[in-house]
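Beneath this line is the structure, given in structure tokens, with notes to follow.
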Amino acid sequence: MKTNKSNTYEFSDKRLDIEVNKHSNHINFKNVVINEVKEEIKKFLTIDYAVSNMKITNDGEGILYKKLVDKEIDSPRFPDKMSGLGIMLNDIWAYEIWIKEIKEVIYPWSPNHKFTYLTLNFIYFDHFGLDYPDLEKKRAPSPWIAWDHNIFWEWFVLQHFRGYVPFITKVENSEKILL
């Protein structure tokens, strides 16, 4: 997991995906998003838009982005340092949510009975980098007290003045939803 000056490393692991999927902050975020998606999908299905083109990202794009911002739905956070999620993810730097699949199923024995389901794909990204506010949190209480957090300053210098790019943690989960 070495970084260099020209590119970054993307870290992902199925065990991390599983732990995030079980975490209450992810479950709460996912449930809010699912409710918003269901509400929006119902509108789309009635006016025959291309539902497969819907996407939600926190970069200002996507049909549902404004709705999430207006309702102050924030990215999930994982502050628990003991489980490792707080170290690997902590605050989500970016996320993508999109409809991976939408399918209508008709029962062969009863064509009038059908149901529609979709699969939402959730991807979270967090960079393992430091910014100036991170250093402010690590500042010694006074200049006369030795501070054992020189590693944070060295890390900051490598990243911002020597061009080393932090690695990115990527977590991916999918959820099937019955409409």
Side-chain angles (χ1 to χ4, degrees), residues 1 3 8-45 51-103 105 115-139 149 151-152 155-156 159 165-179:
M1 204 161 42
T3 64
T8 189
Y9 177 79
E10 190 175 273
F11 171 78
S12 62
D13 188 278
K14 288 293 175 199
R15 294 170 294 186
L16 185 60
D17 296 347
I18 290 166
E19 290 305 311
V20 166
N21 203 36
K22 296 187 302 189
H23 197 279
S24 62
N25 291 351
H26 165 71
I27 292 168
N28 293 338
F29 177 74
K30 175 185 73 174
N31 288 338
V32 170
V33 169
I34 286 171
N35 289 335
E36 295 300 325
V37 167
K38 281 182 170 182
E39 188 178 303
E40 205 62 32
I41 290 280
K42 287 177 186 173
K43 292 178 197 174
F44 268 71
L45 292 177
V51 175
S52 59
N53 291 331
M54 292 179 68
K55 76 175 185 176
I56 309 163
T57 63
N58 68 347
D59 63 0
E61 295 179 13
I63 295 166
L64 297 173
Y65 174 75
K66 182 172 175 10
K67 213 171 181 186
L68 294 175
V69 169
D70 289 347
K71 291 189 176 189
E72 298 180 2
I73 299 168
D74 202 4
S75 304
R77 293 191 158 116
F78 304 94
D80 177 20
K81 304 293 188 257
M82 296 307 290
S83 71
L85 289 179
I87 293 169
M88 293 304 300
L89 291 170
N90 193 24
D91 295 332
I92 298 300
W93 172 55
Y95 63 82
E96 293 179 359
I97 304 167
W98 72 90
I99 296 170
K100 190 174 183 179
E101 174 186 38
I102 186 162
K103 197 169 197 174
V105 178
F115 65 93
T116 305
Y117 75 88
L118 61 87
T119 304
L120 273 182
N121 206 48
F122 290 77
I123 299 181
Y124 299 144
F125 300 95
D126 193 22
H127 66 83
F128 208 68
L130 286 174
D131 293 320
Y132 189 71
D134 297 316
L135 291 180
E136 286 292 306
K137 296 176 201 171
K138 305 295 180 202
R139 185 167 279 181
H149 289 92
I151 185 70
F152 290 104
W155 183 356
F156 183 85
Q159 181 184 333
V165 181
F167 74 88
I168 294 174
T169 303
K170 177 182 174 184
V171 175
E172 188 168 359
N173 284 296
S174 293
E175 186 74 24
K176 285 193 178 198
I177 304 165
L178 183 63
L179 297 175

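Considering only heavy atoms from C-beta on, F122 stays 4.5 Å or farther from N21 through its side chain. For the pair V171 and I123, the minimum side-chain heavy-atom distance is 4.5 Å or more. Side-chain contact between S12 and E172: absent, with no pair of heavy atoms (C-beta onward) separated by less than 4.5 Å. Under the 4.5 Å side-chain criterion, counting only non-hydrogen atoms from C-beta, L16 is in contact with T169. Between D91 and P79, every side-chain heavy-atom pair lies at or beyond the 4.5 Å cut-off. Residues T116 and L118 are not in side-chain contact: their nearest non-hydrogen atoms beyond the backbone lie 4.5 Å or more apart.
The two residues K38 and L178 have their closest heavy-atom pair at CE-O, 3.4 Å. Closest approach of R77 to H23, counting heavy atoms only: O-CE1, 4.3 Å. Between T119 and K176 the shortest heavy-atom distance is OG1-CG, 3.6 Å. The two atoms that bring S75 and I92 nearest to each other are CB-CB, 3.8 Å, heavy atoms only.
If you take NZ on K22 and CG on L85, they are separated by 9.5 Å, rounding to the nearest 0.5 Å. Atoms CD1 and NZ, from I168 and K170 in turn, are 10.5 Å apart once rounded to the nearest 0.5 Å. Here the straight-line distance linking atom CZ of F125 with atom CH2 of W93 works out to 8.0 Å at 0.5 Å rounding. With rounding to the nearest 0.5 Å, the separation of CG in D74 from CG in N25 is 11.0 Å. In this structure, CD on E19 lies 12.0 Å from NE2 on H26, to the nearest 0.5 angstrom.
In this pair, F78 and Y124 present their aromatic rings tilted. The plane angle is within the 30 to 60° band.
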Could you go through S174 and K100, starting from their C-alpha distance and side-chain angles, then the distance that decides it, and tell me whether this counts as side chain to side chain contact (heavy atoms under 4.5 Å, CB included)? CA-CA 8 Å; S174 293; K100 190 174 183 179; 3.6 Å; yes
Apply side chain to side chain contact (heavy atoms under 4.5 Å, CB included) to the pair I97 and N121, showing each step before the final yes or no. CA-CA 5 Å; I97 304 167; N121 206 48; over 6 Å; no
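The residue from I177, I102, V105 that alone fulfils the side-chain contact (heavy atoms from CB on, under 4.5 Å) condition with Y117 is V105.
Partners of F29 according to the ring-ring contact (aromatic ring centres under 6.0 Å, His included) rule, which considers only residues two or more places apart in sequence or in another chain, are Y95.
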